[in-house]
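See below for the structure under consideration.
For clarity, every value in this text was computed on a predicted model and none was experimentally measured. These values consider heavy atoms only, across backbone and side chains, with no hydrogens, waters or symmetry-generated copies.
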Amino acid sequence: MTDKKPGLIRRIFKFIGSILTVIRYAFSLLIVVVLFSVIGGMFVGNIQPVPEEGALYLAPQGVLVDQKSYVDPLAQVLAQGSQQNTETLVRDIVEAIDTARDDSRITHLLLDTDYMAGASLSKLQEIGAALRRFKATDKPIIAVADYFTQSQYFLAAHADEIILNPLGGVMITGFGSYRSYFKDALDKLNITMNIFRVGQYKSAVEPLMGNSMSPQVRDETGVLLNDLWQSYSSEIEDLRSLDEGSVNDYANNLHLSLEQYKGDSAALSKAAGLVDTIASRSGIHQYLIANIASEDDDVISINMDSYLSNTRLANKQISNGQNQIAVVVASGSIMDGQQPEGSIGGDTLAAIFTELREDENVKAVVLRVDSGGGSAFASEIIRDSINAIQNQGIPVVVSMSSAAASGGYWIAAEADRILAMPTTITGSIGVWGVVPTIDQSLAKLGIYSDGVGTTDIAAMMELDRPLTEQTKIIIQAGVDNIYTRFITLVANGRDSTPAEVHKIAQGRVWTGNQALANGLVDQLGDLNDAILVAAEIADLDNYQVDYRRKEMTPIEALLTGLNSNVAASLQGLGLTSNIESSISDNNLGRYAKKILAPLSLINTLNDPKHIYLYCEKCPL
């Protein structure tokens, strides 16, 4: 008989070793937390105060978003001082501008766009509206930059004075929509893409079906882009007092104009009326000293994060919190299950709405949607949770951001009121499914699938086998059913009929202006407008706005709070770095991601039935 004692002893010691390893890691984490807590406490007094007289320095970093993507809190704490700020919340920018507007200590707004990577037009317009409100107080806005991209210039155009580096320029190119098509490549690889869809405009799967854009999608996209371009160019012309059509002429004749100015793009930008002054960095510094309060040969100013930290603390009111308008952000692709922020998890958002339904202090909800959709099943889970809170008499108002299309419109359709920005992309009421099979690819390598099943569909979703006709009928029936449900719920939510909705559906996308004309939204407005509408519907005169998010674990909450304190302290000491090359949108990785987007989309989305409500043309 074999002696089993040595093996048992080894397992016992292995178990003890595992426990000790866990304890060691936990102890190490505790040391890190304590260390940074001490550091945060040491520096807390160095957070930059609001000057008695000076400028608000507004320098948005990275991409402008409604919800920041999830980052592990511990990694974020350890990364302080590195180039980690790749996203800036739009609502933070708007809040800072609106607060500074009524703050007598803030005499100027200094706008620096050099660190901004980009934003959708609707988000730029929302910030632009706040800049217009600031200008109405006769406080000057000064914009400075080494170079202006198209999105950066839209914000700068709101300034009273635009100053550009002599080696800079204004790159306005217009809007375009170009994609890679894979039909020939898939044929060469012997990959079969089994496509199921409803709606002639539902173009998400077109790159897998052909080698070029279909005529109907080309027409739809052209109409959409022209509407967006008209909004962009006309607003620039209004802000800069330029002749109608001058922005379009600038873009179309840029090559000829640069030849005329011997490649001097800064001189061309000034001659075209896009900038006011050309000056080097030292020249800009001297200009600001001469025009803004200064001390010790430096401009007196406060950055946005420090300003918000100070003003939020000063304006914090003691309240019983009985009248709350909860704001819930749904940003990213809609996916099944629990998902981190930056994506929309069906179960995640449903859980948030369940909490709101059980909170007696919540009197209204504003759902901020910034999504081109995703999983049909997850979209329905979210819609059902919204409907449940409405059944308790709590109104739900939808505020559409850059996009609220396909699944993003599914979750919005039955809201009590829907608001969109003029350049929001919405609609895309259509359904599609795709199942790739690689049996022919494997056959080329001499690999085959064979076996037995009790029914004809026993292996219906095995990708190494061709789809049976029964399987194709099953999936298409599911797609047809979801489309019928889609137009029916839209008809019920918008006081219309399925037949009328079908006319503007079939996967077609619309701008906010077009959606208003088609009855898909109730009015145009931004997030603040939506909050006011929610207060009106709920009959609230006094209320608090409470941003609700996925509940964090105790460790996450501790590290997130710690991260905020340390970040504010380091900013106050001037120890944080700016983002430069890391946010460049001209790198090879960006283009690789764009080219492969249709293929990676299939791998990312996770609907259990492979049926999707997704708008691939929607900017996020």
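- The closest side-chain heavy-atom distance from Q514 to R508 is not below 4.5 Å.
- Of the N and O atoms on the side chains of T468 and D456, not one donor lies less than 3.5 Å from an acceptor on the other residue.
- Counting heavy atoms from C-beta on, the side chains of W229 and N248 come closer than 4.5 Å.
- Side-chain N/O atoms of T424 and T426 include no donor and acceptor closer than 3.5 Å.
- L367 pairs in a side-chain contact (heavy atoms from CB on, under 4.5 Å) with only one of the listed residues (V397, V329, V398, I382), which is V398.
- The closest side-chain heavy-atom distance from N194 to K472 is below 4.5 Å.
- Shortest non-hydrogen contact noted between A505 and Y483 is CB-OH, 3.5 Å.
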Exercise. Go through the steps for R368 and S331 under the test side-chain contact (heavy atoms from CB on, under 4.5 Å), then give the verdict.
Key: CA-CA 8 Å; R368 175 71 164 182; S331 178; over 6 Å; no
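- Note that CG of L121 and OG of S151 are 10.0 Å apart. Values are rounded to the nearest 0.5 Å.
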Practice problem: Step by step, work out the side-chain contact (heavy atoms from CB on, under 4.5 Å) result for M400 and L419. | Solution: CA-CA 6 Å; M400 293 181 170; L419 285 78; over 6 Å; no
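- A side-chain donor-acceptor contact under 3.5 Å links Q440 and T192.
- Classification of D187 and K183 as a salt-bridged pair holds, one side-chain N sitting under 4.0 Å from a carboxylate O.
- Side-chain N/O atoms of D480 and Q476 include a donor and acceptor closer than 3.5 Å.
- Side chains of Q390 and D416: a donor-acceptor N/O pair is present below 3.5 angstrom, by distance only.
- Using a distance-only test at 3.5 Å, with no hydrogens or angles considered, a donor-acceptor pair links the side chain of Q150 to the main chain of G174.
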Exercise. Go through I482 and W410 one step at a time and tell me if the side-chain contact (heavy atoms from CB on, under 4.5 Å) criterion holds.
Key: CA-CA 11 Å; I482 294 296; W410 180 290; 4.0 Å; yes
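- With a 6.0 Å radius and a threshold of 12 heavy atoms from other residues, nucleotides or ligands, F196 has its CZ atom above the threshold.
- Between the CG atom of L228 and the CZ atom of F175 there is a distance of 6.0 Å, given to the nearest 0.5 Å.
- Contact annotation: the side chain of S401 approaches that of K123 to within less than 4.5 Å [non-hydrogen atoms, C-beta and beyond].
- Remark: the backbone N or O of L467 is not paired with any side-chain donor or acceptor of T471 at under 3.5 angstrom.
- The side-chain heavy atoms of Y409 and V490, taken from C-beta on, include a pair separated by under 4.5 Å.
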Quiz prompt | Worked check of side-chain contact (heavy atoms from CB on, under 4.5 Å) between K444 and L189 | solution = CA-CA 9 Å; K444 287 285 186 179; L189 295 170; over 6 Å; no
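- The backbone N or O of V90 lies less than 3.5 Å from no partner atom in the side chain of E126, so there is not a single donor-acceptor pair.
- Note on R465 versus E462: no salt bridge recorded, every NZ/NE/NH1/NH2 to OD/OE distance being 4.0 Å or above.
- Under a 3.5 Å cut-off, the side chain of S441 and the backbone N or O of N190 do form a donor-acceptor pair.
- Note that the OG1 atom of T511 and the CG atom of N226 stand 11.0 Å from one another [nearest 0.5 Å].
- Scanning both residues, F353 and I389, for their nearest heavy atoms gives O-CD1, 4.0 Å.
- Contact check for L489 versus R383: side-chain heavy atoms found under the 4.5 Å cut-off.
- By the 6.0 Å contact criterion, CZ on R494 is enclosed, its count of non-hydrogen atoms from other residues, nucleotides or ligands being greater than 12.
- Judged by distance alone, with hydrogens and angles left aside, the side-chain atoms of S406 form no donor-acceptor pair with the main-chain N or O of G408 at under 3.5 Å.
- The side-chain heavy atoms of I429 and H502, taken from C-beta on, include no pair separated by under 4.5 Å.
- Of all heavy-atom pairs between P340 and Y70, the closest is CB-CB, 3.7 Å.
- Atom OG1 of residue T88 and atom NZ of residue K68 lie 6.0 Å apart, to the nearest 0.5 angstrom.
- For the atom pair CG of D464 and OG of S449, the computed distance is 4.0 Å after rounding to the nearest 0.5 Å.
- Using a 3.5 Å distance cut-off with no hydrogens or angles, the side chains of Q338 and T348 do pair a donor with an acceptor.
- Atom OG1 of T423 and atom OH of Y232 lie 12.5 Å apart (nearest 0.5 Å).
- A donor-acceptor contact closer than 3.5 angstrom is absent between the side chains of D227 and W510.
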Practice problem: List the steps and the verdict of salt bridge (charged side-chain N to carboxylate O under 4.0 Å, His left out) for E341 and R548. | Solution: CA-CA 12 Å; E341 292 182 338; R548 296 296 181 96; over 6 Å; no
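- Of all heavy-atom pairs between L124 and A119, the closest is CD2-CB, 3.9 Å.
- A donor-acceptor contact closer than 3.5 angstrom links the side chains of E206 and S214.
- By the 6.0 Å contact criterion, CG on N391 is enclosed, its count of non-hydrogen atoms from other residues, nucleotides or ligands being greater than 12.
- Residues I334 and A378 approach most closely at CG2-CB, 3.7 Å, considering heavy atoms.
- With a 4.5 Å cut-off on side-chain heavy atoms, I344 and M335 do not count as touching.
- Shortest non-hydrogen contact noted between A491 and T497 is CB-C, 3.5 Å.
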